[in-house]
2 protein chains.
Amino acid sequence: MISLGRTINPHISVDCVVFGFSTNQLKILLIEREYRDDSGKQARDHKLPGDFITLNEDLDLAAVRTLEELTGLNSIYLHQFAFIGQPERIWKKSDMDWLNTTTGMEIQRVVTAAYFALINITESNSDFAIKNNASWIDIKEVPALAFDHRNIIDRGLAHLQKSLRNEPIGFELLPEKFTIRELQSLYEVILDCNLDNRNFRKKILKSNYLIQLDEKQIGVAHKPAFYYRFDKHIYNKQKKEYLGFNF
Amino acid sequence: MISLGRTINPHISVDCVVFGFSTNQLKILLIEREYRDDSGKQARDHKLPGDFITLNEDLDLAAVRTLEELTGLNSIYLHQFAFIGQPERIWKKSDMDWLNTTTGMEIQRVVTAAYFALINITESNSDFAIKNNASWIDIKEVPALAFDHRNIIDRGLAHLQKSLRNEPIGFELLPEKFTIRELQSLYEVILDCNLDNRNFRKKILKSNYLIQLDEKQIGVAHKPAFYYRFDKHIYNKQKKEYLGFNF
DNA sequence: GCAAAAGTGTTGTGACTACACCCATGA
DNA sequence: TCATGGGTGTAGTCACAACACTTTTGC
């Protein structure tokens with residue numbers, strides 16, 4: 001999405017790799033775009049949510065703005081994870097033409113700050129996104145993308161996997177209350193592995209920032225699972241500095 | 001250092017936090033700069049090695065170039081660790097004036113890619129640096145700096161500590177051959193803690209990429225220590241993916 | 001009562017911490 | 001021979017991996 005009607009800084013952009021999780025799939029938010037291919041024909045493909053920053057706009061805030069315009073959400077987990085500036089990263093003429101057309105400026109070279117966001121997909125923010133030509137696509141079925149966005153997604157995914165191993169961020173992708181099994185599935189899908197559920201439970205419950213609620217699943221054809229919630233406050237309190245070094 | 005005589009991209013710069021280690025101190029490479037303070041008086045202070053990128057220059061290569069111009073070295077451990085773009089990061093009028101004067105351009109706002117470098121300080125590269133107004137300063141005695149460079153250093157140091165815990169990068173700061181004790185001191189200084197030397201040895205030698213040489217210290221008034229070298233090849237081979245998650 | 005997923009305990013192994021003394025050298 | 005830093009071993013604790021059965025519900 002390009003900011004028409006704002007004064008942009010045409011040298012610097014933000015791009016957001018937005019992850020969501022639903023029906024046991026890791027999904028990513030992509031935007032459909034219309035462009036003219038090298039032969040001048042109208043075509044469609046997908047790109048990451050992103051935008052040029054405006055003059056005097058803070059980078060982080062530009063990323064927040066981009067996502068808010070797209071999902072209606074403004075307090076989501078969002079961090080910069082890379083900054084990409086190879087001169088040849090926009091190598092297709094059609095991509096460069098598209099930038100020139102949509103901005104109405106002569107774009108030379110764009111350096112982009114890549115952001116990483118985690119969203120709990122709900123009906124409401126999903127509807128909001130659809131109105132903006134955005135849609136949630138399974139990470140395993142990402143089509144060909146504009147610019148170097150495929151590369152940015154791969155780096156974002158690696159970042160997600162690393163973060164998930166080192167900090168409790170999985171909750172950002174789940175609703176307020178969730179079952180241990182849902183959490184385990186999330187880990188399995190993102191890390192692409194199978195986890196022993198006894199060991200997973202022990203490990204995740206030992207750190208006592210998962211609070212068991214009084215509520216159970218209803219209407220399921222098996223023993224209903226308890227719901228839990230993540231208590232960020234407890235986590236922050238007992239977050240410890242790991243002092244060993246293990247390589 | 002500003003590239004006079006090159007065509008620069010005045011929106012984007014690189015800044016390098018360059019660490020060195022000598023006489024049991026963690027040091028950082030700073031450049032002395034002349035400028036006019038807000039009252040117009042000639043003054044001196046320090047800044048990080050850095051530069052605007054030139055048109056069509058790759059960011060990573062801009063960082064390599066900056067350091068090569070400064071130290072004569074071109075194959076050093078160098079990684080991007082942050083990208084900083086608050087509009088108010090250059091808040092002092094004197095700093096903005098200095099940029100305008102040295103570049104001969106009207107600078108509006110600069111977004112900078114922060115790089116992190118590790119160097120084994122030698123007489124030769126140290127002499128080279130001195131010729132360029134650069135000097136090695138103990139990390140604990142860093143004076144007031146230009147721009148937001150103090151902040152960048154703090155973030156670089158945090159990055160160094162984190163990296164040192166997770167990857168064997170300490171060797172980059174030491175000469176080719178070193179004693180276990182030197183390595184331990186390096187860990188202690190950077191992590192700001194005391195380590196038990198029996199446990200340190202066990203841990204570091206267990207991973208068998210430290211090769212004991214036939215050579216010992218000479219001329220020391222105590223039992224001479226063996227020298228070791230780091231074998232990157234062995235490390236790369238047995239580098240394992242840590243699959244658990246520990247938070 | 002049966003299908004389907006939830007939930008639970010034990011054991012072996014390996015990594016970490018804490019801790020104190022002898023060894024080789026130069027002066 | 002003494003001062004200096006190099007170099008070594010053991011015991012307790014804790015985290016992790018591997019592994020199979022009982023429980024609760026809807027149909």
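Just so we're on the same page: letters track the sequence lines, and every chain starts at 1.
Atom CD1 in B/I204 sits about 15 Å away from atom C1' in C/dC16, given to the nearest Å. Summarising the geometry, the separation between NE2 on A/H222 and P on D/dT25 is reported as 12 Å, rounded to the nearest angstrom. Whole-Å rounding puts the B/N194 CG to C/dC19 P distance at 13 Å. Residue A/Q184 contributes atom CD, which lies 11 Å from atom P of C/dG7 at whole-angstrom precision. For the pair A/F200 CZ and C/dA5 P, the interatomic distance rounds to 18 Å; values are reported in whole Å. The distance between atom CZ of B/R201 and atom C1' of D/dG5, rounded to the nearest whole Å, is 11 Å. If you take CZ of B/R165 and P of C/dC16, they are 14 Å apart, rounded to a whole angstrom. Distance CZ (B/R181) to P (D/dG7): 10 Å, rounded to an integer number of Å.
At distances below 3.5 Å, at least one donor-acceptor pair connects side-chain atoms of B/T71 with backbone N or O atoms of B/L73.
For A/R198 and C/dA6, a side-chain-to-base donor-acceptor distance below 3.5 Å is absent, hydrogens and geometry of angles not being considered. Within 3.5 Å, a donor on the side chain of B/K202 pairs with an acceptor on the base of D/dT10, or the reverse.
For the residue pair A/D127/A/S124, the side-chain donor-acceptor check at 3.5 Å is not satisfied.
Ring pair B/F200/B/Y187: centre-to-centre distance below 6.0 Å. The aromatic ring centres of B/F81 and B/H79 sit 6.0 Å or more apart.
The side chain of A/K206 contributes an N or O atom lying less than 4.0 Å from OP1 or OP2 of D/dC16. Contact annotation: A/K203 reaches the phosphate of D/dC16 (side-chain N/O to OP1 or OP2, under 4.0 Å).
Comparing B/L205 and A/N197 against DNA chain D, the residue whose closest nucleotide sits nearer the 5' end is B/L205. Checking A/V220 against B/Q212, the closest nucleotide of DNA chain D that is more toward the 5' end is the one next to B/Q212.
When each of C/dA18, D/dA17, C/dG7 is scored by its nearest atom to the side-chain atoms of B/N199, the top-ranked nucleotide is C/dA18. The side chain of A/K223 sits closest to D/dT24 out of C/dT8, D/dT24, C/dA20.
Using cut-offs of 30° and 60° for the angle between ring planes, the A/Y235 and A/F230 rings count as tilted.
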